[in-house]
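The figures that follow rest on heavy atoms only: side chains count, while hydrogens, waters and symmetry mates do not. Sequence lines set the chain letters: A, B, ... in the order given, protein chains first and strands last, and positions in each chain run from 1.
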2 protein chains.
Amino acid sequence: MVETAISHTRERPVQSVERTLRILEIMAEWGYPMTLSEISNNLDLKNSTTHRLLKTLIMKSFAQQDPSSGKYLLGIKTFSIGNTALYALDIRSVARPYLKQLETRYKETANLAILDQGDVIYIDQVESERMVKMSANLGGRAPSHSNAVGKVLLAGLTESELERYFKGRKFERYTSNTITSHEALRMELEKVSQLGYGLDAEETEEGIRCVASAIYNHLGKATAAIGISGPGNRISMSYLKGELATAEKKQLMTFL
Amino acid sequence: MVETAISHTRERPVQSVERTLRILEIMAEWGYPMTLSEISNNLDLKNSTTHRLLKTLIMKSFAQQDPSSGKYLLGIKTFSIGNTALYALDIRSVARPYLKQLETRYKETANLAILDQGDVIYIDQVESERMVKMSANLGGRAPSHSNAVGKVLLAGLTESELERYFKGRKFERYTSNTITSHEALRMELEKVSQLGYGLDAEETEEGIRCVASAIYNHLGKATAAIGISGPGNRISMSYLKGELATAEKKQLMTFL
DNA sequence: GAAAGATATTTCATAATATGGAATAATAAT
DNA sequence: ATTATTATTCCATATTATGAAATATCTTTC
């Protein structure tokens with residue numbers, strides 16, 4: 001074989017593997033069953049090669065062949081593995097496309113937060129492009145009792161974790177709507193659990209509203225939350241509880 | 001190379017590919033980052049081989065390396081591909097493990113249904129092992145207006161689809177709880193959308209209760225629904241709306 | 001803070017393995 | 001029925017993946 005002069009040995013993938021991964025990619029891209037030649041042609045592979053690689057994929061359930069049409073499609077294994085990946089991955093890289101989608105659709109800032117020692121920490125955010133918008137301080141802390149993501153994350157704690165959270169904690173008042181008593185917050189969290197989403201009805205800042213839903217890990221534990229927030233004049237309470245809350249939940253269900 | 005006498009040529013996978021897929025599998029199995037040697041040892045591969053295969057996986061984002069620890073983990077691509085696979089796959093093969101989990105945890109029959117021409121069709125089911133249990137007729141039709149999965153699926157229809165559904169339809173009464181008027185059903189569906197789950201409070205059969213949640217496809221359309229049902233003496237209304245509804249929603253969020 | 005130990009990465013000669021052309025089989029189209 | 005198209009299998013060949021060893025990098029341990 002004639003080597004190119006500047007033979008960068010670096011970055012030489014294993015051919016058969018690289019081709020196999022490309023097969024998986026194109027099957028995902030198409031989204032519906034493909035014939036052997038469709039795959040071969042698209043990837044510039046010989047039919048015999050593609051066929052052999054596909055057979056290997058099928059053996060390991062990474063692909064399957066539709067019995068009636070003979071076409072090839074992704075296998076169940078890709079799903080179960082990808083699903084596991086979700087929880088090993090940095091939650092940000094996974095959540096980002098969905099934050100973006102929420103922002104695009106509702107033109108309001110979408111953000112991602114986790115709980116740390118009872119406080120909310122914003123770990124990612126896609127800001128609305130409007131002039132007036134909500135904007136959290138990335139990496140910054142915020143009290144949980146007055147905001148939507150916080151409530152959702154608190155609602156996901158176990159009873160003993162909650163007790164530790166409440167123990168000796170005083171809830172500062174930011175607006176006339178802020179929940180400041182232990183009992184009221186307990187009840188609020190109960191409601192959040194029931195509804196599946198949390199609200200911030202101008203409880204942190206006058207004129208700012210927010211809905212949030214939890215992201216659960218494979219053990220059913222709420223590990224992060226996604227919120228959409230914006231000014232009250234654009235977001236009525238009914239819009240918040242109806243349209244936005246539903247969209248957010250669906251978004252999470254669809255993707256996570 | 002010495003061939004075994006009975007050289008079944010059939011079923012000979014592409015070695016490098018087969019090994020690569022095993023790498024993906026074991027990373028998924030462990031669920032957290034692995035060192036090179038952990039992978040090698042577990043799969044009986046030489047470090048150099050594993051390393052080369054991993055590099056190929058990384059190039060294509062099927063794996064990634066944690067910058068701080070140097071450990072390897074699944075890449076974002078596995079997630080996005082697996083996610084796509086979900087909708088190309090038969091919904092049953094995907095939903096089955098979760099039906100089973102629901103049954104195991106709550107000891108009640110879990111089932112999977114789709115909508116066809118306004119009727120519910122049960123396409124899969126994991127029956128409770130108790131003596132008294134709910135059991136749907138697999139493949140069988142049931143009217144949508146009186147049961148939980150039906151309501152959830154109806155709630156996922158577009159307005160025009162809904163109008164076609166309602167048009168000239170009469171709702172038969174099965175129990176004293178059955179919703180029989182168009183207006184009442186409309187309101188009920190509205191409620192289902194809000195809550196994210198549907199109920200059957202002895203509306204099909206006296207003494208049988210059920211909760212259901214929708215499974216959404218990548219377009220956010222409800223394509224199937226999962227329900228848990230059982231006798232009313234084991235399932236109180238508050239248990240149904242609280243525990244069961246929440247568990248089901250989480251289950252779906254976690255997995256789909 | 002040095003030295004040893006472990007682990008990761010790169011290199012390279014070798015042969016085992018993946019490859020693609022061709023032959024055959026199975027489907028689809030005419 | 002005949003042809004055309006597509007899928008699958010076979011097999012000789014050399015390209016490509018392999019593993020031993022060398023090097024580099026990161027951890028311990030003393």
Looking at the side chain of [X], which of [options] is the nearest nucleotide?
X	options	answer
B:Leu53	D:dT9, D:dT18, D:dA21	D:dT18
A:Ser16	D:dT8, C:dT9, C:dT19	C:dT19
A:His51	C:dA18, D:dT8, C:dG20	D:dT8
B:Asn47	C:dT9, D:dT8, C:dG20	C:dT9

Atom-pair distance ([atom1] on [X]; [atom2] on [N]), nearest Å:
X	N	atom1	atom2	answer
B:Asn41	D:dG19	CG	P	14 Å
B:Leu54	C:dT7	CG	P	16 Å
A:Glu18	D:dT15	CD	P	19 Å
B:Leu57	D:dA17	CG	P	13 Å
B:Glu38	C:dA6	CD	P	16 Å
B:Leu36	D:dG19	CG	C1'	13 Å
B:Asp66	D:dC26	CG	C1'	15 Å
A:Asp44	C:dT19	CG	C1'	15 Å

### Query
When the nearest nucleotide of DNA chain C is assigned to B:Arg52 and to B:Thr35 on a heavy-atom basis, which residue is associated with the more 5' position?
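Closer to the 5' end of DNA chain C: B:Thr35.
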### Task
Please report the shortest heavy-atom distance between A:Ala28 and B:Ile81, naming the atom on each side.
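Scanning both residues completely, I find the closest heavy atoms to be CB-CG1, 3.8 Å.
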Is a donor from one side chain sitting under 3.5 angstrom from an acceptor on the other, for [X] and [Y]?
X	Y	answer
A:Thr50	A:Asn47	no
A:Thr204	A:Asn147	no
B:Ser135	B:Glu127	yes

For [N] and [X] - does any side-chain N or O of the residue sit under 4.0 Å from the phosphate oxygens OP1/OP2?
X	N	value
A:Lys71	D:dT6	no
B:Arg19	D:dG19	yes
B:Tyr72	C:dT9	yes
B:Gln15	C:dA16	no
A:Lys46	C:dG21	yes
A:Thr49	C:dA18	no

### Query
5'-most contact on DNA chain D: A:Ser48 or B:Leu45, nearest heavy atom basis?
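Looking at DNA chain D, the more 5' nearest nucleotide goes with A:Ser48.
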### Query
When rounded to the nearest 0.5 angstrom, what distance separates OH in B:Tyr122 from OG1 in B:Thr109?
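Between B:Tyr122 OH and B:Thr109 OG1, I get 11.0 Å after rounding to 0.5 Å.
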